[in-house]
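Both ligands and their constituent atoms are indexed starting at 1 by order of listing.
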Amino acid sequence: MKAGFYQFRPLFGKANQNCQKIISALENVDADLIVLPELALSGYYFKDKSESLKYSEDPQNSKHLDSLANLANKNNLHLVVGFAEKQGEQCYNSAALIGPNGIEHIYRKVHLFNEEKFCFDPGDTPFIVNNIKGVKIGMMICFDWVFPEVTRVLALQGAQIICQPSNLVLTFCQQTMLARCIENKVFAITANRYGTDKRPQGSLKFTGMSQVVAPGGKLLHRAASQRDALFVTDINPKDADNKMITEHNGVLSDRRPEFYSLLNNL
Ligand code: ACM
């Protein structure tokens, strides 16, 4: 399978331009799966919930998501794209899995980062695995990386590739994802934006360095910090099915959940 990411710098509040930028970049791409950043259509640094609602999109009625679905159809590929999702008066920091026939799944970010708590409703969708062309993919968004439980519940459901749209401002995620891929023996594609959102309430600079990591923690590619990057590589998703870390240790089968029961109660 040919999989990778497109790293770019979304402009705040300019969904038409951001969408067009994605479409131009991926117009001739030869890939099965491309991961895009978090909030790739709207930009990131909202000042409050009324502003995030203003820039959010109802997936049933979004010309931008429709254009990305056309792109997926034309190029016979799947996209994972972060967007601000409007559902009535609720607004979620979401990721859509879009295939040649349209939206296949929407994941709503469960762990909101910092001031996102004032702009979004907490995600209410479970972590599930989607089958695309026989490959099992799981989605998480950016700050979900801090919670190892997320990758683990996706791996336990058979996820072979973790897709992680991101707008990272802290510097630890890229290295941490190597560990997530060691302890779960999965692939992970982190698509991070770069550039700065300059807003009245302050500025946030994003770290780029999108990456693809193989099961066992091998870094297949990491992009530069502050420039556009389209990267696609051939991977064999079945490499994620071998969960043995030594001849006698499986990262999933050696777990002793009876010793982790505190996790269920605290
Ligand atoms: C983040 O979750 N966007 C840091």
> Do Tyr55 and Phe12 have ring centres separated by under 6.0 Å?
Replying inline: yes
> Is Lys133 paired with Asp32 through a side-chain N to carboxylate O contact shorter than 4.0 Å?
Replying inline: yes
>> Both conditions, 6.0 Å and 45 degrees, for the charged tip of Arg193 above the ring of Tyr44: are they met here?
In response: no
> With ring centroids as reference points, do Phe127 and Tyr107 lie under 6.0 angstrom apart?
Replying inline: yes
> For ligand 1, which atoms have a heavy atom of Tyr44 less than 4.0 angstrom away?
Replying inline: 3 (N)
> Looking only at protein heavy atoms, which one is nearest to atom 1 (C) of ligand 1, and how far off is it?
Replying inline: Cys142 SG, 2.9 Å
> With a distance cut-off below 6.0 Å to the six-membered ring centre and an angular limit of 45° from the axis, does Arg108 pair with Tyr92 as a cation-pi contact?
Replying inline: yes
>> Is there a polar contact, in the sense of an N or O pair closer than 3.5 Å, between Phe143 and ligand 1?
In response: yes
>> I need the nearest protein heavy-atom contact for atom 2 (O) of ligand 1: residue, atom name and distance, please.
In response: Lys109 NZ, 2.6 Å
> Should you measure from each heavy atom of Glu38, which atoms of ligand 1 turn up under 4.0 Å away?
Replying inline: 1 (C), 3 (N)
> Could a heavy atom of Glu116 be found less than 4.0 Å from some atom of ligand 1?
Replying inline: yes
